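Here the structure comes first, spelled out in C-alpha cells, and everything after it is commentary.
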2 protein chains.
Amino acid sequence: MTLEQAINKLNELQAAQHAYGHAMGVLSLDGDTAAPSASARGRSQTMGYLSGVTYQLLVNDEVKEALETILANKEAVTPIQARQAELFKEDYDDSVRIPMAEYVEYSTLINQSNAVWHEAKGKNDYAAFAPYLEKVIAFNRKFAAYKNDKKPAYDVLLDNYEKGASTATLDPFFSLLREKLSPVILAVADKPAPEAGFLSQRFPIADQRIFSDRLMQMMGIPRDRCGIAETEHPFTTNFNKWDVRITTNYSENNVADSMYSVIHEGGHALYELGTADEIQFTSLASGASMGLHESQSRFYENIIGRSLPFCRALLPVMQEIFPAQMKGVTAEGLYAAVNKSQPSLIRTQADELTYGMHIAIRYEMEKLMIGGDVKVDELPQLWNQMYKEYLGVTVPNDREGILQDVHWSGGMIGYFPSYALGSAYGVQMLAAMEKEFDPWADVEKGDLSRVTAWLGEKIHRHGKMLTPPQLLRNAIHTDFDPTCYVNYLTKKFSDLYRL
Amino acid sequence: MTLEQAINKLNELQAAQHAYGHAMGVLSLDGDTAAPSASARGRSQTMGYLSGVTYQLLVNDEVKEALETILANKEAVTPIQARQAELFKEDYDDSVRIPMAEYVEYSTLINQSNAVWHEAKGKNDYAAFAPYLEKVIAFNRKFAAYKNDKKPAYDVLLDNYEKGASTATLDPFFSLLREKLSPVILAVADKPAPEAGFLSQRFPIADQRIFSDRLMQMMGIPRDRCGIAETEHPFTTNFNKWDVRITTNYSENNVADSMYSVIHEGGHALYELGTADEIQFTSLASGASMGLHESQSRFYENIIGRSLPFCRALLPVMQEIFPAQMKGVTAEGLYAAVNKSQPSLIRTQADELTYGMHIAIRYEMEKLMIGGDVKVDELPQLWNQMYKEYLGVTVPNDREGILQDVHWSGGMIGYFPSYALGSAYGVQMLAAMEKEFDPWADVEKGDLSRVTAWLGEKIHRHGKMLTPPQLLRNAIHTDFDPTCYVNYLTKKFSDLYRL
C-alpha cells in the first residue's frame with residue numbers, strides 16, 4: 001500500500017466514523033430527550049446495526065495496513081493525519097485485543113447489568129445486582145490483562161479513562177486529600193450552617209427555563225451552536241463545534257440543582273464549542289480525556305460558579321427572574337448558601353469541599369474490587385464503613401449507598417478518579433490564569449469571555465491533537481501538584497466558615 | 001445465486017435500509033425540532049454520507065440478482081418477502097434509470113432551489129425563484145421520460161406519488177369538483193359568516209400544549225409510542241410502530257390552528273401506529289401512498305374533527321382547559337365556527353369546502369408546466385387568474401400566491417392531487433363504515449376506538465403489503481367515485497349555511 005493509498009483510506013475511515021458517530025449520537029440524544037418510551041427496542045436494534053458497521057469499518061486488514069503505513073511515515077503526513085492514525089491505531093488495538101465472542105458477551109452483560117442495577121436501586125436490593133457486578137468486575141480484570149498483563153489491572157483501567165493515571169500518582173493524591181481535608185470537614189461541621197432555605201422555595205420550572213437561557217448567555221455559550229434539553233440526569237453531547245447539546249433536570253423546589261447543572265454542562269459545552277475549525281468532522285474534534293473535561297466543567301461550576309464575584313453577577317439576574325424568592329438576599333448570602341458544606345450520602349449532591357471524599361471512597365473500593373481483595377457481597381458493608389470513616393455519615397440503605405451510581409453497572413471501573421483529578425487540574429489552571437490577568441474583575445461583571453478565551457487557547461482548541469499530560473502542561477506550565485487543590489479548598493472554606 | 005442466498009441478501013438489505021432510514025429520520029427530526037441553527041452544515045454532511053451508503057447498498061449487481069431471483073420464485077417465498085423484493089426492485093429501477101451525474105446535479109439543484117424559494121417567498125420575489133423552478137420542471141420532465149417515454153410526463157409524475165393516478169381519472173375528478181362545488185362556494189359566500197371570533201382570543205401556549213395531550217388522548221394515540229414536538233410546519237414521521245412522532249405549531253391567537261394540526265397529524269400517526277407487528281423493521285411498515293395517508297389524516301381532521309358530534313365531545317374539554325375563552329360557547333356554535341367557509345388565498349388555511357379548489361388550481365398549473373404549455377415567467381399571472389376564476393379572490397402578491405407552497409421548490413410536481421384524492425377516499429370510507437356500524441354515537445362520547453379499529457383493519461395494518469388501489473377497494477368495496485365527496489360537502493355546507 002502506498003502512502004497515498006493509506007491516506008485515502010484514513011480519510012475514508014475518518015468520514016465514515018464521523019458520520020456513524022454523529023448518527024448514533026443523535027439517536028441516543030433523542031432517546032434521552034424526546035423519544036416515546038416504547039421506542040427503545042427499535043433504537044437498540046438500529047444502534048446495534050450501526051455499531052456493527054463501525055466495528056467492521058475499523059477492524060480489517062486494509063485499515064491496519066493503512067494505519068501502520070502512516071505511522072511509519074509520520075514525517076511525510078500532516079500532524080492532523082498522524083494524530084488521527086495514532087488514535088485510530090489505539091482503537092484498533094483495543095478492538096482486536098478482545099475476542100469477538102467475549103466482546104459480544106460483555107456487551108450483553110452490560111445491558112442486563114444496567115437494567116438490573118436500575119431496578120435494584122429502586123427496590124434497595126443489592127443482592128439482585130451483586131452477581132452482575134461480580135461478572136462485570138471479572139470481565140474488566142480480564143480485559144485489562146489482555147491490554148497489558150505486566151501492569152496491575154487497576155492501573156490499566158485507570159489509564160483507559162485518563163491517559164497516564166495510575167495508583168502511583170493517585171494513592172498520594174487521595175491520601176493527601178484525606179489527611180488535609182478531613183480536619184477542615186470536621187471543623188466546618190462544628191460551625192453553624194449558613195442560611196440556604198431561600199434556595200429551596202418554589203421556583204416554577206417555566207421561570208427556571210428562562211434562567212437557564214440567561215446562565216448560558218452569561219457563560220458566553222453561542223445558542224446557534226448549542227441547544228439545551230431536559231433529561232433525568234444532566235449530560236453534554238457534541239457532534240461538531242457547530243452542534244453541541246447540554247441537558248439539565250429541573251426540580252421545582254430547588255433552584256440550585258438545575259443552576260449548577262447548567263453551569264457544569266455549560267463548561268463541558270464550552271470545551272467542545274472551542275475546538276479548532278481545522279479538526280472538525282474528525283475524531284480529533286472532542287475533549288482530550290475525562291479528567292480534562294471535568295477540569296472544565298468543574299472549573300465553571302465551582303471555581304467560577306461558586307465564587308463570590310460570580311454570585312455578585314448572578315444575584316441581579318436571579319432577582320429579576322425570581323423577585324419574590326430572592327427578595328432581600330445579598331451576594332454574600334448567596335455565596336454562603338451555594339457553598340453550604342455538609343458531609344452527605346450522595347456524591348452528585350456533595351458540596352465542593354466534601355466531594356473529593358466521595359471519590360476517594362470509590363477509588364479505594366475499586367482498587368480492592370479489581371485486586372480481588374474483597375468479595376462482592378462484602379462491598380455494601382465496606383462502603384458503609386468507609387462513609388463512616390471518611391465522612392462520618394451513617395448510610396441508612398444501599399439505595400443511598402453502594403447502589404447510588406450508575407458507573408459500575410455500566411462497566412465503568414476506573415472512571416471516578418477523573419472527577420477528582422479534574423477538580424484539582426482546574427485549581428492549577430486558575431493559578432496559571434491569575435499570573436496572566438485578574439479574572440475576578442471580569443467575573444464580577446458577569447463577563448467570562450477572557451476566562452473562556454484563556455482556556456480556549458490552552459485547552460479547548462486543541463481537541464485531541466495533544467495528549468492529556470501535554471495539554472495540562474500547556475495550561476499550567478508546571479507539574480501536577482494536588483497541594484494546590486487542597487490549599488484552595490482549605491482557604492475557601494476556612495474563610496467562609498471563619499475557621 | 002440460490003434462492004436461499006437471495007433471501008439472505010434481501011434480509012441483509014432490509015436490515016441495512018431500515019437502520020439507515022431510522023438514523024436519517026431521527027437526524028432530520030432533530031434538525032427540525034431541537035438542533036441549534038448552525039448545526040445544518042454537519043447534519044447535511046452526515047446525511048449526504050449515509051444516503052450515499054444506502055444508494056450503494058441498493059444499487060449493485062448482487063442485489064439486482066437477488067431481487068430477480070426472488071421475483072422469479074414468488075411462490076417459494078413468503079408474501080412479505082415477495083412484496084419486499086417487489087418494492088426494492090421498483091426502487092432499484094428508479095435509481096439506476098437516472099444517470100448518477102444527473103442525480104447529483106438534481107440533488108444540488110433541489111437544495112439550492114429550496115433555499116432560494118425560502119428567501120424569494122420572504123422577499124416576495126418570484127423572479128429570483130423562476131430560473132430554479134424552470135430547471136426543476138425540466139429535470140422532472142426528463143426523469144419522467146427515463147421512467148416511461150410512452151406516457152405523458154405528467155401522468156408518470158402523478159403515478160410516482162399515487163400509484164394508478166393519471167390525468168384520465170383526475171381530469172373528470174377536478175372538473176366535477178369545480179362544476180358542483182363552485183355554486184355551493186358562491187352561495188355560502190352570500191350568507192352571513194358564523195361567529196368564530198372566540199377561537200381567536202389569547203390561548204396561552206402552555207395551555208395549548210395541555211390541550212394537545214388531551215386531543216391525542218381523545219384520538220386514542222398511545223403516548224408510549226408517539227411523541228409530539230413543535231416545528232414551523234407540522235408533520236408526522238415514523239420509525240416503526242413503537243416510535244412515531246407528530247409535530248405542531250402553536251399560534252397564541254388562534255386555538256384552531258394547532259388543534260387541527262394535532263388531529264390531522266394524529267391521523268397520520270394512527271396509520272403508522274396501526275401497521276402490523278410482522279412487518280415492523282421492514283420497508284413495508286409504513287403507509288401505502290400519499291393519497292391514502294391523506295385519506296387518514298383528513299378523515300380525522302375534517303370528517304371526524306369538524307363534525308357536530310366531535311364538537312360535542314370537544315367542547316367540555318376546551319371549556320376545562322380554556323374556561324374564560326370558551327365561556328358560553330355551545331357545541332353548535334363551535335361546529336359552525338370550525339367550519340366557517342370563505343374563499344381564501346392560502347391553501348393550508350383553507351376550509352374543507354374550498355380546499356379542493358386550491359388543489360384543482362395546482363393540478364391545472366402542473367399539467368401546463370410539465371406539458372410545456374406555459375412559460376415560467378407567465379406562471380404568477382396564470383396563478384392569479386385561476387384564483388380569481390376558481391375562488392373569486394384577488395391575489396395581492398406572489399408571497400400569498402404562487403410562492404406560498406414549498407412543494408415545487410423541492411421538486412414535488414404531481415404531489416398536490418393526492419391531498420384532494422385523500423379527502424375523497426375518506427368520504428367513501430365513511431360511507432362503508434356507516435354500513436357496518438354507527439360511528440357517530442361513539443364520536444359524540446369522544447370515543448374513537450371503533451372508528452380507528454375499523455380503519456386499522458381495512459387500511460392501517462397492511463402497511464405497504466397491498467397496493468393503494470387494493471387497499472382502497474379493501475376499505476370501500478366499490479369503485480372510486482368522486483360524487484360521494486361532492487355530495488358530502490354539498491350536504492354538510494348546505495345544512496351549515498341553510499342554503
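Keep in mind that this is a model prediction, so the values were computed, not measured. Letters A, B, ... are given to chains in the order of the sequence lines, protein chains preceding strands, and every chain is numbered from 1.
Qualifying side chain to side chain contact (heavy atoms under 4.5 Å, CB included) partners for Ala23(B), counting only residues two or more places apart in sequence or in other chains: Ala23(A), Leu27(A), Leu50(A).
Of the two parts of Ala40(B), neither the backbone nor the side chain holds a non-hydrogen atom closer than 4.5 Å to a non-hydrogen atom of chain A. Using a 4.5 Å cut-off between heavy atoms, Ala206(A) does not touch chain B at all.
The candidate from Pro222(A), Ala19(A), Ala38(A) with the greatest count of non-hydrogen atom pairs under 4.5 Å with chain B is Ala38(A).
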Once you leave out hydrogens and angles, what donor-acceptor pairs under 3.5 Å do chain B and chain A share?
{"residue": "Tyr20(B)", "atom": "OH", "partner": "Tyr20(A)", "partner atom": "OH", "Å": "2.5"}
{"residue": "His22(B)", "atom": "ND1", "partner": "Thr46(A)", "partner atom": "OG1", "Å": "2.7"}
{"residue": "Asp30(B)", "atom": "OD1", "partner": "Arg245(A)", "partner atom": "NH1", "Å": "2.9"}
{"residue": "Asp30(B)", "atom": "OD2", "partner": "Arg245(A)", "partner atom": "NH1", "Å": "3.4"}
{"residue": "Asp30(B)", "atom": "OD2", "partner": "Arg245(A)", "partner atom": "NH2", "Å": "2.5"}
{"residue": "Ser37(B)", "atom": "N", "partner": "Asp224(A)", "partner atom": "O", "Å": "3.3"}
{"residue": "Ala38(B)", "atom": "N", "partner": "Asp224(A)", "partner atom": "O", "Å": "2.7"}
{"residue": "Ser39(B)", "atom": "N", "partner": "Trp242(A)", "partner atom": "O", "Å": "3.4"}
{"residue": "Thr46(B)", "atom": "OG1", "partner": "His22(A)", "partner atom": "ND1", "Å": "2.7"}
{"residue": "Asp224(B)", "atom": "O", "partner": "Ser37(A)", "partner atom": "N", "Å": "3.3"}
{"residue": "Asp224(B)", "atom": "O", "partner": "Ala38(A)", "partner atom": "N", "Å": "2.7"}
{"residue": "Trp242(B)", "atom": "O", "partner": "Ser39(A)", "partner atom": "N", "Å": "3.4"}
{"residue": "Arg245(B)", "atom": "NH1", "partner": "Asp30(A)", "partner atom": "OD1", "Å": "2.9"}
{"residue": "Arg245(B)", "atom": "NH1", "partner": "Asp30(A)", "partner atom": "OD2", "Å": "3.4"}
{"residue": "Arg245(B)", "atom": "NH2", "partner": "Asp30(A)", "partner atom": "OD2", "Å": "2.6"}

